Amino acid sequence: MKSEKAEPARIVVLVSGSGSNMQVIAEACAKNEIDGDITAVISNRPDVMGLQRAKELGIATDVVDHTQFPTREEFDANLIRAIDEHTPDLIVLAGFMRILTSDFVRRYKGKMLNIHPSLLPKYKGLNTHQRALDAGDKEAGVTVHFVSEDLDGGANIIQAIVPVLDDDDEGTLRSRVQTQEHVIYPIAVKWFVEGRISLNKGDAYFDGQPLPDTGLKLTQ
Ligand code: GAR
């Protein structure tokens, strides 16, 4: 019997801004480094660069504008409808700056990834680079993790660590970290679509082995 190759994974990416992480993932898909396709890019803001980039890449776009909904629940319900139209295997949050309801998170449990610009569990929330500088940290970085109901609190998959230099300001540190974001997010997506990473009872596994709390570490 002829064995048929599985279809490429269907990936929906949620953005709120520039979309540079979405773009590197799209490029890795186009080069077949990731056996997947971004089937849609959805933004909660209508005029962002992430939508423009998606259009230039020939990817379908949609907007679910959070300002048009009176409650978080109604926004999330509409976002779910927009996402589910694309029957995704994976949801990728790439600079999606909304707090999600528990219902939303539970619906996509184990198949939703986020990137956060700190070495989680350090510096959940906003202004991560300035907080690392203010604390005098010698290392900073970025984490890809499964999304859980705790904000920036799901199981870590991979972290990239960068040095903090004496003359760094927020901009230079952000840019050093973002270079690494563009390395580790495509790697994590590739692992997911290959079935190498999974979430079980809140813990992340790689090739069936539990990952350390940090996730795998990439050091510059
Ligand atoms: C990235 O730096 C990402 O780590 C951060 O938003 C930026 C999006 O950039 N995400 C968060 O802060 C999530 N809490 P991009 O739109 O160019 O990919």
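Note that the structure is predicted; figures quoted are calculated from it, not measured. Every number for a ligand or one of its atoms is a count from 1 in the order of the listing. Worth knowing before you read on, the calculation uses all heavy atoms, side chains too, and leaves out hydrogens, waters and symmetry mates.
Residue pairs meeting the salt bridge (Lys or Arg N to Asp or Glu O under 4.0 Å) criterion with at least one partner in residues 127-149, sequence neighbours excluded, are Arg106-Glu149, Lys122-Asp137. Sorted by first then second residue, the side chain to side chain donor-acceptor pair (under 3.5 Å) pairs that include residues 197-218, not counting sequence neighbours, are Arg196-Asp207.
The residues Arg107 and Asp84 are annotated as salt-bridged, a charged nitrogen and a carboxylate oxygen being separated by less than 4.0 angstrom.
Between His66 and Phe75, the ring planes are perpendicular. Angles over 60° get that label, and only those under 30° would be called parallel.
Under 4.0 angstrom from ligand 1, there are no non-hydrogen atoms of Arg174.
If you check which protein heavy atom lies closest to atom 6 (O) of ligand 1, you get Gly95 CA, 3.6 Å. In this structure, the protein non-hydrogen atom closest to atom 5 (C) of ligand 1 is Pro117 CD, 3.9 Å. At the shortest separation from atom 3 (C) of ligand 1 among protein heavy atoms lies Glu181 OE1, 3.6 Å. Atom 17 (O) of ligand 1 has as its closest protein heavy atom Ser20 OG, 2.6 Å.
Of the candidates Leu126, Ile115, Val144, Ile115 brings a heavy atom nearest to atom 10 (N) of ligand 1. Residue His116 holds the heavy atom nearest to atom 14 (N) of ligand 1 of all those in Arg98, His116, Gln178, Gln23.
Side-chain atoms of Arg53 and Ser20 include no donor-acceptor pair closer than 3.5 Å.
Put simply, Ile197 and Ile11 are part of the same group of oily side chains (I, L, V, M, F, W, Y) that touch within less than 4.5 Å, one to the next.
For ligand 1, the atoms lying closer than 4.0 Å to a non-hydrogen atom of Gly19 are 15 (P), 16 (O), 17 (O), 18 (O).
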